[in-house]
Q: 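Handing you a structure now.
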Amino acid sequence: MRNNSSSLIKTLGVLGLIPFIASTLAFHFNFYHYGLLAQSVFVAYSAIILSFLSGAIWGQVLEQPFQSKCKILLIASNVVALIAWCGLLIDQPHMSLLLLLCGYISIFWLEVRWLKQIRPDQSYYPNLRFGLTIAVCAMHLLMLYPKL
């Protein structure tokens, strides 16, 4: 990644937490907006972001010379995207949240374990993703606990 875009990437990553935080707070404080349940909004946004992260892996893999590890990354990122989609289809909010939580852990593992092997030039990005992943996973856990 280019250094001149790192501050923009960091800013967008942190701003991407706002819908997670807002819907988590709305859920725990019984705030409903336009008739939508905060939990449903959280699950939908979570699935969208998880799908986005899966697609981002494709972009990073396609920039590199193809290796056998690339095949693993492409297939695994598709599986995670399907997990995100299933999270939307399940009519059990707790199961959706657990599935999405597993998806975030999986996508981070893919990035750290496999993507790093084909793109060793990522200086700040793994640390940024680690912090964002911890925050998102913590909010998934908060959504799984009973309301305050």
Side-chain angles (χ1 to χ4, degrees), residues 1 5-6 8-64 66-119 122 124-148:
M1 286 185 211
S5 63
S6 67
L8 176 62
I9 291 168
K10 290 174 186 176
T11 302
L12 291 173
V14 172
L15 289 174
L17 294 176
I18 292 172
F20 284 116
I21 295 167
S23 54
T24 300
L25 291 173
F27 174 73
H28 282 285
F29 293 105
N30 293 321
F31 177 77
Y32 299 99
H33 191 66
Y34 297 110
L36 295 175
L37 294 171
Q39 197 172 43
S40 298
V41 171
F42 185 97
V43 167
Y45 183 71
S46 179
I48 289 166
I49 295 302
L50 187 55
S51 296
F52 170 79
L53 291 172
S54 295
I57 286 180
W58 272 67
Q60 293 182 57
V61 168
L62 294 176
E63 287 181 356
Q64 304 302 311
F66 195 80
Q67 306 169 25
S68 61
K69 295 170 188 153
C70 294
K71 186 186 244 185
I72 294 168
L73 271 167
L74 294 176
I75 292 169
S77 69
N78 274 7
V79 170
V80 174
L82 289 172
I83 287 171
W85 180 64
C86 288
L88 286 174
L89 296 179
I90 297 172
D91 197 23
Q92 298 291 324
H94 282 80
M95 290 302 295
S96 293
L97 289 165
L98 283 172
L99 194 59
L100 292 165
L101 175 63
C102 290
Y104 280 98
I105 294 167
S106 298
I107 204 76
F108 181 74
W109 182 79
L110 284 174
E111 288 180 337
V112 170
R113 173 72 173 93
W114 295 99
L115 192 57
K116 191 174 182 178
Q117 290 180 15
I118 66 166
R119 292 211 50 182
Q122 302 176 2
Y124 71 93
Y125 187 70
N127 290 333
L128 173 66
R129 284 284 297 119
F130 179 73
L132 294 172
T133 299
I134 291 295
V136 168
C137 289
M139 284 181 266
H140 278 76
L141 292 173
L142 284 172
M143 292 297 284
L144 286 166
Y145 280 95
K147 295 179 182 179
L148 301 173

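Reckoned from all heavy atoms, side chains included, excluding hydrogens, waters and symmetry mates. Please read all numbers here as calculations on a predicted model, not as lab measurements.
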Q: State, to 0.1 Å, how close C86 and L99 come at their nearest heavy-atom pair, and which atoms those are.
A: CB-CD2, 3.8 Å
Q: Can you list every ring-ring contact (aromatic ring centres under 6.0 Å, His included) pair that touches residues 37-56, not counting sequence neighbours?
A: F20-F42, F20-Y45, F42-H140
Q: Quick one: pull up CD1 in I72 and CG in L110 and give me the separation to the nearest 0.5 Å.
A: 10.0 Å
Q: Using every non-hydrogen atom in the two residues, find where L100 and A84 come nearest and quote the distance to one decimal.
A: CD2-CA, 3.8 Å
Q: Do any pairs count as a side chain to side chain donor-acceptor pair (under 3.5 Å) and have a residue in residues 84-98, sequence neighbours left out, and if so which ones?
A: none
Q: Should Y104 and L53 be marked as a side-chain contact (heavy atoms from CB on, under 4.5 Å) after you check the CA-CA gap, both sets of side-chain angles, and the distance that decides it?
A: CA-CA 9 Å; Y104 280 98; L53 291 172; 3.9 Å; yes
Q: Which donor-acceptor pairs under 3.5 Å do the side chains of residues 10-17 make with protein atoms, sequence neighbours left out?
A:
{"unit_1": "T11", "atom_1": "OG1", "unit_2": "S7", "atom_2": "O", "d": "2.8"}

Q: Using the side-chain contact (heavy atoms from CB on, under 4.5 Å) criterion, which residues pair with S54? Sequence neighbours excluded.
A: S77, V80, A81, I107
Q: Has the side chain of Y125 got a donor or acceptor atom that lies under 3.5 Å from a matching backbone atom of I9?
A: no
Q: Drop me the distance from L141's CG to L98's CG, to the nearest 0.5 angstrom.
A: 8.5 Å
Q: Looking at every non-hydrogen atom in both residues, tell me the closest pair between M143 and T24 and how far apart they are.
A: SD-CA, 3.6 Å
Q: Please report the C-alpha distance between L25 and I21 in whole Å, then the side-chain angles of each, then the deciding distance to 0.1 Å, and finally whether the side-chain contact (heavy atoms from CB on, under 4.5 Å) criterion is met.
A: CA-CA 6 Å; L25 291 173; I21 295 167; 3.9 Å; yes
Q: Where do S23 and V41 come nearest, in terms of heavy atoms and distance?
A: CB-CG1, 4.4 Å
Q: Sequence neighbours excluded, which residues qualify as side-chain hydrogen bond (donor to acceptor under 3.5 Å, both in side chains) partners of T133?
A: R129
Q: Does I105 have any side-chain contact (heavy atoms from CB on, under 4.5 Å) partners at least two apart in sequence or in another chain, and if so, which?
A: L101, C137
Q: Minimum heavy-atom separation for F108 to P126, with atom names?
A: CE1-O, 4.1 Å
Q: To the nearest 0.5 Å, tell me how far I75 CD1 sits from C70 SG.
A: 11.5 Å
Q: Over all heavy atoms of both residues, which pair between Q39 and L97 is shortest? Give the atoms and the distance, please.
A: NE2-CD1, 3.7 Å
Q: Report the residues that fulfil side-chain hydrogen bond (donor to acceptor under 3.5 Å, both in side chains) with N127, sequence neighbours left out, ordered by chain and then residue number.
A: none
